[in-house]
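Notes for the one structure printed next.
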2 protein chains.
Amino acid sequence: MKTKKKLPECPVATTVSLIGSKWKLLILRNLIKRPWRFNELMRSLDGISQKVLTTSLRELQSDGIIYRKDYQCNPPKVEYGITDLGLHLQVLLDQMAAFGDYYKSQI
Amino acid sequence: MKTKKKLPECPVATTVSLIGSKWKLLILRNLIKRPWRFNELMRSLDGISQKVLTTSLRELQSDGIIYRKDYQCNPPKVEYGITDLGLHLQVLLDQMAAFGDYYKSQI
DNA sequence: CAGTATCCCCCTTGATACTG
DNA sequence: CAGTATCAAGGGGGATACTG
């Protein structure tokens, strides 16, 4: 999301700044299940551009939420997966999905 | 946040579209505690503009997450509070705060 | 396969002024 | 007090082309 300048330092805002951008939660929902390769992720996220996927992955990686493993082979093979730290987001994702479902059921 | 067009329909994305913009979570954190008046909220959210606060409140209201009660008096008095539906976000907010804290503790 | 490199748009956010 | 009305800026997101 989206946290820029003047947001006060607070735990909630920290979390949003880490995972609040447009595609990150969807990326994480995949990576929490198992490791994925780059193009595999591309195909699974309909509508995402390469640039945005790359940017999102880089940010999540530098924030320590996912890892990137480059097999250094040819043809290239890179694997993305969740870190122990990122695994702590599982409950959060579940709760967000739960609220989304509940919300829709209430219209 | 920030969910615009091509995000697939999924519960997680629904939740983000409802509460993912810059200030909404901070507004909700206040309103979940008790009802607040407009200027009271303004003062509590350092850096927010009137326009953004108004817009955020209107959206949250039309999404059924908060209510707006106009006392129709002079001087004006308006009260904002959480709805039953919005109250379901409590756990989510707590979890987000918890992850934010945990994240900072792990650096 | 797994990316860079550009260019550009639009939407959110913001600053300021004014009002019932 | 509780807003509305404008105008402006910035950057996240997107489209397209190219590469080791």
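Reminder, nothing fancy here: chain letters follow the sequence lines and each chain counts from 1.
For A:Y80, a side-chain nitrogen or oxygen approaches OP1 or OP2 of C:dG3 to under 4.0 Å. Not one side-chain nitrogen or oxygen of A:R37 sits closer than 4.0 Å to the OP1 or OP2 atom of C:dC1.
The aromatic ring centres of A:H88 and B:Y102 sit less than 6.0 Å apart.
Here the P atom of nucleotide C:dC1 and the CD atom of A:E40 are 11 Å apart, to the nearest Å. As rounded to whole Å, 14 Å separates atom P of D:dA2 from atom NZ of B:K69. Look at CZ on A:R43: it is 12 Å from C1' on C:dA2, rounded to the nearest Å. Nucleotide D:dG20 holds its C1' atom 15 Å from the CZ atom of A:F38, rounded to whole Å. The separation between A:E59 atom CD and C:dG3 atom C1' is 16 Å, rounded to whole Å. Note: CG (A:N74) to P (D:dT19) measures 17 Å, nearest angstrom. B:Q50 places its CD atom 7 Å from the C1' atom of D:dG3, with the value rounded to the nearest Å. One can place CG of B:D70 at 11 Å from P of D:dT4, the figure rounded to the nearest angstrom.
Nucleotide D:dG20 forms a Watson-Crick or G-U wobble pair with C:dC1, both donor-acceptor distances falling under 3.5 Å. Base pairing annotation: C:dA15 forms a Watson-Crick or G-U wobble pair with D:dT6, both donor-acceptor distances under 3.5 Å.
With hydrogens and angles disregarded, a donor-acceptor distance shorter than 3.5 Å links the side chain of B:T15 to the backbone of A:M96. No donor-acceptor pair closer than 3.5 Å links the side chain of A:W36 to the backbone N or O of A:G81. Looking only at distances, a side-chain donor or acceptor of B:T83 sits under 3.5 Å from a matching main-chain atom of B:G64.
Nearest to the side chain of B:S21, among D:dA2, C:dT13, C:dT4, sits C:dT13. Of all nucleotides listed (C:dT13, C:dG3, D:dG13), C:dG3 comes nearest to the side chain of A:R68. Between C:dC1, C:dG3, D:dA2, one nucleotide has an atom nearer to the side chain of A:R58 than all others, and that is C:dG3. Looking at the side chain of A:T54, the nearest of the listed nucleotides C:dT13, D:dC1, C:dG3 is C:dG3. Distances were taken from every side-chain heavy atom of B:P76 (C-beta onward) to each of C:dT4, D:dG3, D:dA2; the shortest belongs to D:dA2.
With no hydrogens or angles considered, a side-chain donor-acceptor pair links B:E79 and B:Y71 at under 3.5 Å.
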